[in-house]
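Written below as structure tokens is the structure these notes are about.
Just the heavy atoms: all of them, side chains too, but no hydrogens, waters or symmetry mates, feed the values below. We count ligands from 1, going down the list as the structure has it; atoms in each ligand are counted the same way.
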Amino acid sequence: MKKASRFVFPPKFLWGVSTSAYQVEGAANEEGRGLSIWDIRCRTKGGVTDGSTGDVSADHYHRYGEDIGLMHQIGIQAYRFSVAWPRLLPRGRGQVNQPGIDFYDRLIDALLEKGIQPWLTLYHWDLPQSLDDLGGWTNRDCAGWYADFAALVARRYGDRVKHFATFNEFSVFTLFGYAIPWAAPGVTDRASHLKAIHHVNLAHGAGVDVLRSLVPGASIGAIHNHQKVLPEHGRDENREAAALLDEHWNRAFPDPQILGVYSPRLAQDIEPYLQAGDMARICRPIDWFGLNHYGPIFARVDPQFVWGYGWGDSPPGAADHGVGWPVFPEVFRDELVTIGQRYKLPIYVTENGCGGGFDAPNAAGQVLDEHRINYLTVFIDAMGQAMQAGVDVRGYFVWSLLDNFEWGSGYTQRFGLIHVDFDTQKRTLKKSAGWYAAKIKDSQ
Ligand code: IFM
């Protein structure tokens with residue numbers, strides 16, 4: 001049989017890496033930064049597996065120059081980072097914190113100097129605690145506070161940054177923050193979850209309008225964690241659980257934002273919080289769909305959680321490349337096809353990557369993360385197959401540049417292309433960084 005020829009990525013295809021503020025910056029108590037809901041979560045019993053915090057993390061706040069140098073060495077073309085709302089506006093609104101503003105100025109300038117495109121995400125989960133004290137995303141006013149924050153960012157950085165994402169992974173922080181208690185602020189209640197969904201959608205729409213009006217030539221997208229939801233063990237009793245989780249996980253945000261509708265069950269549930277004109281406020285034209293994907297979800301009935309569904313087990317024997325997450329590159333390929341057909345926007349894969357707690361330098365000081373290379377190889381191949389089938393994918397960002405604070409898992413998971421020794425802050429390029437460098441070079 002003839003071997004299928006390997007897909008050749010177009011020369012304009014963009015190769016990047018992603019991080020987020022709370023996960024890498026550290027400097028949590030420096031230069032006027034306010035508290036975020038994750039600072040509080042880290043200090044709540046049981047909030048983080050290893051009891052750690054993002055107070056120091058990879059110290060990117062001080063070491064961004066070195067990190068950008070390493071990105072340049074790898075050949076990375078775009079860096080997706082998020083701005084910490086509480087660093088710019090310590091109380092979420094009102095007084096601006098000048099040192100925080102200056103930090104992102106320096107970061108952006110240093111990226112541009114090395115020819116790396118800055119891709120700025122406005123919100124990656126670190127809501128200022130002062131706003132949570134007022135109800136956070138359950139308060140409709142939060143959409144307006146977010147729009148003001150977006151305007152500050154647009155005015156300050158829009159002369160140099162042209163790529164903006166309004167939010168990262170809407171359904172993760174709303175579901176785990178307000179229904180299933182795996183993230184900040186740790187509320188568990190159906191009404192709060194539904195309000196958060198709707199208000200975050202309103203914030204997204206307002207953010208798009210602000211960016212569009214203040215940044216000439218802006219390319220604006222939103223980042224969704226879209227993952228096929230399957231009933232655990234294919235059992236009928238888990239089908240309804242899977243269908244409802246699918247609505248909350250995959251449909252609650254892109255459908256209203258891009259198609260202007262909530263899916264049927266959500267439409268009913270959101271109705272009490274809907275005001276005249278809301279759907280038009282949410283559905284604003286955007287330029288691209290950001291997809292974060294790691295693998296499918298297996299759902300099961302689970303009465304301990306407020307919606308009656310929970311996370312089930314992967315099928316026995318599913319490959320996991322040693323990292324504990326099932327590896328299904330063909331599901332990724334199919335997701336790209338589905339998203340391309342349903343939302344009809346260019347797609348950027350804004351996160352994909354491989355964790356694992358075991359990356360450590362060997363006696364020779366090398367980090368030989370073959371599992372990550374294997375993972376990235378099959379996923380990038382799957383993306384190529386989707387593109388061959390006609391899907392308009394324009395870029396790919398590895399999660400993540402650096403080992404960092406992995407939310408509820410603390411420092412027990414390492415996702416970086418670059419190993420960080422959290423005691424000394426020494427950076428070591430893992431074998432996967434060299435592999436990614438070669439991949440980028442080959443496709444130019
Ligand atoms: O670390 C996270 C990131 O913040 C959001 N997407 C998934 C990553 C790995 O779990």
Side-chain angles (χ1 to χ4, degrees), residues 16-26 36-39 41-42 47-50 52-54 57-58 60 79-85 119-127 165-177 180 182-184 200 221-228 249-250 253-254 289-297 311 314 320-327 331-332 335 348-359 369 371-372 375-376 379 396-420 422 432:
V17 285
S18 293
T19 64
S20 87
Y22 190 73
Q23 292 180 273
V24 296
E25 281 179 8
S36 79
I37 52 175
W38 269 94
D39 295 290
R41 174 82 182 170
C42 291
V48 176
T49 324
D50 57 2
S52 62
T53 72
S57 187
H60 189 58
Y79 177 45
R80 183 172 78 85
F81 60 96
S82 73
V83 288
W85 188 344
W119 281 53
L120 188 154
T121 303
L122 279 165
Y123 186 85
H124 197 128
W125 310 359
D126 46 357
L127 187 72
T166 54
F167 282 85
N168 187 73
E169 296 185 359
F170 300 86
S171 49
V172 174
F173 75 87
T174 49
L175 182 65
F176 295 162
I180 295 183
W182 293 344
V200 167
I223 296 176
H224 303 280
N225 47 292
H226 207 284
Q227 292 167 271
K228 198 170 180 57
W249 195 258
N250 292 324
F253 298 94
F289 187 108
L291 170 66
N292 289 2
H293 184 94
Y294 294 85
I297 298 173
W311 260 241
S314 313
D320 76 355
H321 286 203
V323 295
W325 285 1
V327 176
V331 172
F332 177 48
E335 286 287 88
Y348 286 91
V349 176
T350 36
E351 275 186 33
N352 174 240
C354 176
F358 37 74
D359 291 353
D369 55 340
H371 59 285
R372 182 164 296 101
Y375 180 101
L376 295 175
F379 275 84
Y396 175 89
F397 293 68
V398 174
W399 183 270
S400 181
L401 174 68
L402 301 164
D403 291 341
N404 60 49
F405 175 78
E406 176 56 17
W407 306 113
S409 304
Y411 296 96
T412 64
Q413 291 287 322
R414 290 177 175 271
F415 275 88
L417 295 173
I418 299 175
H419 181 271
V420 178
F422 292 107
S432 57

Practice prompt. Answer yes if the ring centres of Trp311 and Phe176 are under 6.0 angstrom apart, and no otherwise.
Written response: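 Distance test on ring centres: under 6.0 Å, yes.
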Item to complete: Please confirm whether His224 and Phe289 have ring centers closer than 6.0 angstrom.
Response: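 Yes, they do, as the ring centres are separated by less than 6.0 Å.
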With [X], which residues qualify under side chain to side chain donor-acceptor pair (under 3.5 Å), at least two apart?
X      : answer
Asn250 : Asp246
Glu351 : Arg80, Asn292, Tyr294
Tyr348 : none

Could you list each N/O atom of ligand 1 together with any protein N/O atom closer than 3.5 Å, one pair per line with the distance?
residue  : atom   : partner : partner atom : Å
ligand 1 : 1 (O)  : Gln23   : NE2          : 2.9
ligand 1 : 1 (O)  : Trp399  : NE1          : 3.3
ligand 1 : 1 (O)  : Glu406  : OE1          : 2.5
ligand 1 : 4 (O)  : Gln23   : OE1          : 2.7
ligand 1 : 4 (O)  : His124  : NE2          : 2.8
ligand 1 : 4 (O)  : Trp407  : NE1          : 2.8
ligand 1 : 6 (N)  : Glu169  : OE1          : 3.3
ligand 1 : 6 (N)  : Glu169  : OE2          : 2.7
ligand 1 : 6 (N)  : Glu351  : OE1          : 2.5
ligand 1 : 10 (O) : Glu406  : OE2          : 2.5

Practice prompt. Check each of His419, Arg414, His371 against Asp359 using the side chain to side chain donor-acceptor pair (under 3.5 Å) test, and report the only one that passes.
Written response: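 Exactly one pass, corresponding to His371.
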